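Contents: one structure, followed by commentary.
Predicted, not measured: the structure shown is a model, and the values here were computed from it.
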Amino acid sequence: MGWLLRRDDATVFLWIDARTDTRAEGVTTTGTPVAVGFLDGPVLRVTAAPDADLGALAADAEDLLVPGNDATDGLPVPGWEPDTEEPWLVFSWTPEPVSSRAVQVTESDTADRALVHRAAFTGSTLTADHWRTMKKSPAGHLAVETLVRTPAGEPAAAATGWFGGAGRCGLLEPVGTHADHRGHGYGRDAVRGACAALADRGASAVAVLTPAGNEAAAALYRSAGFTVVRENLDWTRPSGA
């Protein structure tokens, strides 16, 4: 959601129940949504409902994937190849009692929340105004925000959790620790605080994805009580196809 809102030329693709319609671009429909995706450079990123027919979605998605759009995240396209060199780890957290130094982000914390993000991710240009834009989006009310400060009051780590509905799994994205404050457990506290906030709203579990090669992130989530439940693979267009 955050990346999409920062791309003026991004196009969202919505798949709805095939009994009422097919894919609709930029159109409001009355059907039941089964998947949503958008083109992020060469990658089609898709999130589908648990009972969605991935085969049908993938066949339809082939119409979108012209040469140059050579990878999909979350949708296996027939004839394409799984990218086994860069798997994604899917972690899950089960609600439990939580002790954390994290606090909920308020309007007065917005600048510090953005500062942590820029300091955590090299090259990020996220500003407080960008963050406010994301929070004002249709999905903004689903977000929970936590911030952890050092004993001196400096912003050290932050996490955003997305509520998927009572009894459903929530999602963490993004999570980051300021480069100057790593190794002190601040990131773990931000994560656990966000998880607790999602559980308080009724989430049955919390999931997070990270590249298998990101050992620091994997260690953080394990320290926060997450366990690996599976690996996800992107799918890429075969050479010459």
For residues 83-96, dump all side-chain donor-acceptor pairs below 3.5 Å to protein atoms at least two apart in sequence or in another chain.
residue: Asp83; atom: OD1; partner: Glu85; partner atom: N; Å: 3.3
residue: Glu96; atom: OE2; partner: Arg192; partner atom: NH1; Å: 3.1
residue: Glu96; atom: OE2; partner: Arg192; partner atom: NH2; Å: 3.4

- Does any donor atom in the side chain of Thr236 or Glu81 lie under 3.5 Å from an acceptor atom in the other side chain? no
- With Arg118 via side chain to side chain donor-acceptor pair (under 3.5 Å) - residues at least two apart: none
Show me the donor-acceptor pairs within less than 3.5 Å that the side chains of residues 202-213 make with the rest of the protein, sequence neighbours left out.
residue: Ser204; atom: OG; partner: Gly167; partner atom: O; Å: 3.2
residue: Ser204; atom: OG; partner: Arg168; partner atom: O; Å: 3.4

- Would His130 and Thr133 count as a side-chain hydrogen bond (donor to acceptor under 3.5 Å, both in side chains) if you check the C-alpha gap in whole Å, the side-chain angles of each, and the deciding distance to 0.1 Å? CA-CA 5 Å; His130 288 144; Thr133 297; over 6 Å; no
- Message: Test of understanding: with salt bridge (Lys or Arg N to Asp or Glu O under 4.0 Å), list the residues that count as partners of Arg45, not counting sequence neighbours.
- Response: Asp40, Asp73
- Message: Checking Arg149 against Glu154 for the salt bridge (charged side-chain N to carboxylate O under 4.0 Å, His left out) test, could you report, in this order, the C-alpha distance in whole Å, the side-chain angles of both residues, the deciding distance, and whether it holds?
- Response: CA-CA 5 Å; Arg149 296 183 181 276; Glu154 297 176 341; over 6 Å; no
- Task: Verify whether one side chain among Ser100 and Arg188 offers a donor that lies under 3.5 Å from an acceptor in the other.
- Result: no
- Sequence neighbours left out, what passes ring pair (Phe, Tyr, Trp, His ring centres under 6.0 Å) with Tyr186? Give chain and number order. His184
- Message: Just so I know, are the side chains of Val34 and Ile16 near enough to count as touching, which here means a heavy-atom distance under 4.5 Å?
- Response: no
- Step by step, would you call Phe13 with Val36 a side-chain contact (heavy atoms from CB on, under 4.5 Å)? CA-CA 6 Å; Phe13 300 98; Val36 64; over 6 Å; no
- Kindly give the heavy-atom pair with the smallest separation between Arg237 and Trp80, and that separation in Å. N-CE3, 3.4 Å
- Query: Sequence neighbours excluded, which residues qualify as side chain to side chain donor-acceptor pair (under 3.5 Å) partners of Asp234?
  - Reply: none
